[in-house]
Chemist: 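Let me begin by handing over the structure; questions about it come next.
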Amino acid sequence: MLLRDKFTLLCATAALLTAGTVSAATLQLDFDYDFSDPLDPDSMLPDGPSPWATAVFDDQGSAGTVVLTISVAGTVGAADVGSVYLNSDIGGLSFSTIDDSAVTSSSISYSSNTYQAGNDGQFDIFIDLPPPGGDRLGAGESISFLISGAGITASTFNSLSNPTPESLTGPFLGAMQFLDTGECVIVNEECTYPNSAWVAAVPVPAAVWLFGSALGMLGWLRRKRNV
């Protein structure tokens, strides 16, 4: 490798190491990890492959406001989302609904390290979707919120839950409870889905991102030198 190429790679690596301080346009959390209680007989995952849902934070390249869009995969069958738990590394947030046409009602609350999801740790943001009988967020549907706060960007929400002594798994970037999972059970001549599941967004180790980015830079340098 030429000295010039080595210097370019060194600069790229340094930029990657400090990338956490740069405003990211979007952050996507994939809810693809099952952390349901293995001893719970009513625990069953939604239909279809993971991720069963995503949460996308979009700051459109500037600080101060972030659009949060939560979407459910179209392959989850009759399952729907009862609650969502997220994190933030900045306080003083405010929330407003942009689009909740897919659900009957919803509410979103913020309080640092307050909301516990299943048997995992404490989260900062709690999104409560309708009770049984309401129209929850189901297959192929999405809901959007506008989050405001001084200096916030999409990367503000790249934050882990706070573990507690009883935590069995985690920490996680986010958690979600799916209801009405599993097979239909006939009760009083009506089809009901008695099962549920807890799923989470698991952080990808920083070393994986750094390694992949470094490999990409090496490949680019090699192609450039060949040309």
Side-chain angles (χ1 to χ4, degrees), residues 15-33 46 48-76 80-103 105-112 114-115 117 123-130 136-161 171-178 199-206 208-210 212-213 216:
L16 287 168
L17 290 173
T18 59
T21 62
V22 178
S23 172
T26 61
L27 169 69
Q28 177 169 317
L29 307 185
D30 293 328
F31 291 83
D32 55 7
Y33 178 77
S50 63
W52 301 282
T54 60
V56 176
F57 298 88
D58 187 355
D59 61 26
Q60 299 181 337
S62 62
T65 58
V66 173
V67 174
L68 165 62
T69 302
I70 300 170
S71 304
V72 179
T75 55
V76 298
D80 46 27
V81 178
S83 54
V84 182
Y85 302 77
L86 301 166
N87 299 296
S88 167
D89 60 13
I90 294 179
L93 304 179
S94 62
F95 305 86
S96 59
T97 302
I98 297 176
D99 179 15
D100 62 353
S101 58
V103 302
S105 64
S106 63
S107 64
I108 184 166
S109 305
Y110 174 83
S111 183
S112 181
T114 299
Y115 311 104
F123 293 79
D124 306 322
I125 300 169
F126 172 55
I127 302 175
D128 188 19
L129 295 173
R136 291 195 187 95
L137 194 64
E141 295 179 333
S142 62
I143 186 171
S144 297
F145 300 93
L146 179 67
I147 308 175
S148 302
I152 69 168
T153 65
S155 61
T156 298
F157 304 91
N158 189 19
S159 179
L160 294 173
S161 57
F172 299 131
L173 293 171
M176 181 179 294
Q177 185 182 30
F178 269 97
V199 300
V202 180
V204 176
V208 173
W209 290 109
L210 181 60
S213 301

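Throughout, numbering of the chain's residues begins at 1 and tracks the sequence. Quantities reported herein were computed from a predicted structural model and do not represent experimental measurements.
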Chemist: Would you give the length of the straight line joining atom CD1 of I147 to atom CG of D58, rounded to the nearest 0.5 angstrom?
Modeler: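 CG of D58 is found 11.5 Å from CD1 of I147.
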
Chemist: Taking only residues two or more places apart in sequence, or in another chain, which ones meet E141 in a side chain to side chain contact (heavy atoms under 4.5 Å, CB included)?
Modeler: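 Residues passing side chain to side chain contact (heavy atoms under 4.5 Å, CB included) with E141: A102, L137.
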
Chemist: What I want to check is whether the side chains of T69 and S144 have a donor and an acceptor closer together than 3.5 Å.
Modeler: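 Result is yes, a qualifying pair exists.
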
Chemist: Could you measure the distance from the CD1 atom of I70 to the CG atom of L29? Nearest 0.5 Å is fine.
Modeler: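 So the CD1 of I70 and the CG of L29 are separated by 9.5 Å.
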
Chemist: Using a 3.5 Å distance criterion without hydrogens, assess whether the side chain of D59 forms a donor-acceptor pair with backbone atoms of T153.
Modeler: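 Not at all, since once roles are kept as given, no pair shorter than 3.5 Å links the two residues.
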
Chemist: Mind checking whether P171 and S161 have side chains closer than 4.5 Å, heavy atoms only?
Modeler: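 Result yes, sub-4.5 Å side-chain heavy-atom pair found.
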
Chemist: With sequence neighbours excluded, what pairs up with Y115 under the ring-ring contact (aromatic ring centres under 6.0 Å, His included) test?
Modeler: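 Residues passing ring-ring contact (aromatic ring centres under 6.0 Å, His included) with Y115: F126.
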
Chemist: Begin with the C-alpha distance, continue with both residues' side-chain angles, and end with the deciding distance and a verdict on side-chain contact (heavy atoms from CB on, under 4.5 Å) for L173 and N158.
Modeler: CA-CA 7 Å; L173 293 171; N158 189 19; 3.5 Å; yes

Chemist: Quick one: CG on D124 to CG on L160, what's the gap to the nearest 0.5 Å?
Modeler: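 Rounded to the nearest 0.5 Å, the CG-CG separation comes out at 10.5 Å.
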
Chemist: With sequence neighbours excluded, tell me which residues meet ring-ring contact (aromatic ring centres under 6.0 Å, His included) with F157.
Modeler: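 Testing F157 for ring-ring contact (aromatic ring centres under 6.0 Å, His included), a comparison that skips the adjacent residues, returns F57.
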
Chemist: Is the backbone N or O of S112 less than 3.5 Å from a side-chain atom of T114, with the two atoms forming a donor-acceptor pair by type?
Modeler: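 Between the backbone of S112 and the side chain of T114 there is a qualifying donor-acceptor contact (under 3.5 Å).
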
Chemist: How many angstroms lie between CZ in F178 and OG in S83, if you round to the nearest 0.5 Å?
Modeler: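 Answer for the CZ-OG pair, F178 versus S83, is 10.5 Å.
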
Chemist: Not counting sequence neighbours, which residues clear side chain to side chain contact (heavy atoms under 4.5 Å, CB included) with L146? List them please.
Modeler: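 L146: side chain to side chain contact (heavy atoms under 4.5 Å, CB included) contacts with T65, V67, S96, I98, S148.
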
Chemist: Once side chain to side chain contact (heavy atoms under 4.5 Å, CB included) is applied, do any residues pair with S106, and if so which ones, sequence neighbours excluded?
Modeler: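 Only D100, V103, L129, I143, F145 meet the side chain to side chain contact (heavy atoms under 4.5 Å, CB included) criterion with S106.
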
Chemist: Under the rule for side chain to side chain contact (heavy atoms under 4.5 Å, CB included), what residues qualify as partners of S107, not counting sequence neighbours?
Modeler: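 S107: side chain to side chain contact (heavy atoms under 4.5 Å, CB included) contacts with D128.
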
